[in-house]
**Q** 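One structure, as structure tokens, below. Some questions next.
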Amino acid sequence: MKELLVKIREYALNEFVPIIEDDALNVLLNSVSDVKPKAILEIGTAIGYSGIAMLSVAPNDCSLTTVDIDTDRLTVAERNFKEAKVSDRVKIIEEDANYLITLLDQKFDFIFLDGPKGHYQTMFPYLLNLLSDKGMIFVDDVGYHGWVDDGEYPKHKHRTIITNMRAFLKSIEENKSIISKRVDVGQGILIVKKCINLNC
Ligand SMILES: C[S@@+](CC[C@H](N)C(=O)[O-])C[C@H]1O[C@@H](n2cnc3c(N)ncnc32)[C@H](O)[C@@H]1O
């Protein structure tokens, strides 16, 4: 499995497919190992790199539901899931994740949010609703090149994402129904769990 992941990572770098950075992947895989999920939801499949990596450390009976809007990437992802021999554990959905999450009605023990960066705030309440009580939401790229915590706004092109990400992080801080932790690796990670006892 490790060899295949190295190959997929190389392909991603050569073809300019954005995938999770190495140090963030380590934290992601440790988190999956801790939670021992039976069902994972991934927003942002790309070419299956993080999906295959998560399944490699999850229990054998864990399934992955993964969504992406990009047909070409999903074609490559399907091939990679096959090569990793995990196709029978994976449900690939080609859809706008913003829409899909309003339709799903099963619970997930682990949700990896790595999709449309400007939409995390609007997506979050739906994801929280889909999360099992002891589950975890793992959000990648919340620092977005370090710009989210900078006073300065970057180029116009990124402005909406930065503004929305700042609003998202503020709403997380203010949300009393969850506990959250930011980890400063990769492009910045946010880990969220439901607050299930009275002391939160
Ligand atoms: C950073 S990549 C995912 C990387 C992958 N999780 C990994 O680490 O291997 C983000 C993906 O989100 C997808 N995406 C962007 N907007 C989307 C949307 N509205 N619905 C579903 N997927 C979306 C992009 O096509 C892209 O493949």
Side-chain angles (χ1 to χ4, degrees), residues 1-15 17-68 73-74 76-93 97 106-117 120 123-124 127-128 130-146 172 178-194:
M1 191 75 88
K2 201 167 173 205
E3 265 172 37
L4 175 63
L5 287 170
V6 170
K7 194 172 98 180
I8 299 172
R9 185 177 173 278
E10 225 169 80
Y11 175 98
L13 293 176
N14 289 336
E15 299 296 324
V17 178
I19 56 166
I20 188 165
E21 292 184 14
D22 290 349
D23 46 3
L25 180 68
N26 274 334
V27 184
L28 174 69
L29 299 188
N30 280 331
S31 303
V32 171
S33 296
D34 285 349
V35 173
K36 298 181 182 52
K38 288 282 155 73
I40 300 175
L41 172 64
E42 177 181 54
I43 310 292
T45 318
I47 56 172
Y49 179 69
S50 52
I52 292 170
M54 287 191 287
L55 284 179
S56 75
V57 297
N60 289 335
D61 58 348
C62 174
S63 66
L64 170 72
T65 301
T66 184
V67 58
D68 206 293
R73 285 182 185 167
L74 285 181
V76 180
E78 196 171 2
R79 208 173 61 213
N80 287 334
F81 285 129
K82 242 183 223 149
E83 198 172 341
K85 298 189 172 42
V86 292
S87 300
D88 56 333
R89 298 164 68 190
V90 181
K91 186 172 177 190
I92 300 175
I93 303 176
Q106 79 171 97
K107 293 283 183 194
F108 296 92
D109 314 301
F110 196 94
I111 298 179
F112 178 34
L113 176 55
D114 193 21
K117 313 297 168 208
Y120 284 2
M123 295 178 97
F124 190 76
L127 297 180
L128 203 54
L130 292 170
L131 188 69
S132 63
D133 279 350
K134 292 187 176 173
M136 177 188 287
I137 300 180
F138 188 104
V139 190
D140 196 15
D141 295 329
V142 296
Y144 203 64
H145 308 286
I172 291 288
I178 56 173
I179 41 174
S180 65
K181 187 171 94 175
R182 272 185 77 177
V183 186
D184 191 18
V185 293
Q187 295 290 322
I189 283 167
L190 177 75
I191 291 170
V192 177
K193 288 180 138 197
K194 280 186 181 172

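All heavy atoms count here, side chains included; hydrogens, waters and symmetry mates do not.
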**Q** Show the nearest heavy-atom pair for residues A77 and A46, with the distance to one decimal.
**A** CB-O, 3.6 Å
**Q** Below 4.5 Å, heavy atoms only, C-beta onward: do V183 and K181 meet side chain to side chain?
**A** yes
**Q** Quick check: closest heavy atoms across I93 and L74, and the distance to 0.1 Å?
**A** O-CD1, 4.0 Å
**Q** Please assess L29 against L25 for the test side chain to side chain contact (heavy atoms under 4.5 Å, CB included), listing each intermediate value before the final yes or no.
**A** CA-CA 6 Å; L29 299 188; L25 180 68; 4.1 Å; yes
**Q** Could you give the distance from OG (S31) to CD1 (I191), rounded to the nearest 0.5 Å?
**A** 4.0 Å
**Q** Is the number of heavy atoms from other residues, nucleotides or ligands within 6.0 Å of CG (D184) greater than 12?
**A** no
**Q** Within the side chain of D23, is there an N or O that forms a donor-acceptor pair under 3.5 Å with the backbone of G186?
**A** yes
**Q** If we only count heavy atoms from C-beta on, is the L13 to E10 side-chain gap below 4.5 Å?
**A** no
**Q** Would you mind checking if K117 and D114 are paired as a salt bridge, meaning a charged N to carboxylate O distance below 4.0 Å?
**A** yes
**Q** Could you tell me whether the side chain of F110 reaches within less than 4.5 Å of the side chain of L131, counting heavy atoms only?
**A** no
**Q** Side chains of E42 and S50: any donor to acceptor distance under 3.5 Å?
**A** yes
**Q** With rounding to the nearest 0.5 angstrom, report the OG1 to CG distance, T65 to L41.
**A** 6.5 Å
**Q** Given F81 and T45, is the side chain to side chain contact (heavy atoms under 4.5 Å, CB included) satisfied, shown in steps?
**A** CA-CA 11 Å; F81 285 129; T45 318; 4.0 Å; yes
**Q** Looking at G135 and K193, what are the two nearest heavy atoms and their distance?
**A** O-CG, 3.7 Å
**Q** Quick check on K107: does its NZ atom have over 12 non-hydrogen neighbours (other residues, nucleotides or ligands) under 6.0 Å away?
**A** yes
**Q** Using 0.5 Å steps for rounding, measure from the CD1 atom of I92 to the CZ atom of R73.
**A** 14.5 Å
**Q** Where is the tightest heavy-atom contact between Y49 and L5, given as atom of each residue plus distance?
**A** CE1-O, 3.3 Å
**Q** Within the supplied structure, the quantity of interest is the number of heavy atoms (other residues, nucleotides, ligands) at a distance under 6.0 Å from R9 CZ; does it exceed 12?
**A** no
**Q** Between V142 and Q187, is there a side-chain heavy-atom distance shorter than 4.5 Å?
**A** no
**Q** What pair of heavy atoms forms the shortest contact from V185 to A24, and how long is it?
**A** CG2-CA, 3.8 Å
**Q** Is any side-chain N of the basic residue among D61 and K38 closer than 4.0 Å to the acidic one's carboxylate O?
**A** yes
**Q** How about L64 and R89: do any of their side-chain heavy atoms sit closer than 4.5 Å?
**A** no
**Q** I189 vs D140, test: side chain to side chain contact (heavy atoms under 4.5 Å, CB included). Steps then yes/no.
**A** CA-CA 5 Å; I189 283 167; D140 196 15; 4.1 Å; yes
**Q** Quick check: do M123 and P116 have side-chain heavy atoms less than 4.5 Å from each other?
**A** yes
**Q** Is there a side-chain contact between D109 and I40, using heavy atoms and a 4.5 Å cut-off?
**A** no
**Q** Using 0.5 Å steps for rounding, measure from the CZ atom of F112 to the CG atom of L28.
**A** 5.0 Å
**Q** Let's go through V192 and I179 carefully: what are the C-alpha distance in whole Å and the side-chain angles of both, what is the deciding distance for side chain to side chain contact (heavy atoms under 4.5 Å, CB included) to 0.1 Å, and is it a yes or a no?
**A** CA-CA 6 Å; V192 177; I179 41 174; over 6 Å; no
**Q** With the side chain counted from C-beta on, respond yes when V90 and S63 share a heavy-atom pair under 4.5 Å apart, and no when they do not.
**A** no
**Q** I need the I137 CD1 to S180 OG distance, nearest 0.5 Å.
**A** 10.5 Å
**Q** Please round to the nearest 0.5 Å and tell me the distance separating atom CZ of F138 and atom CE of M54.
**A** 9.5 Å
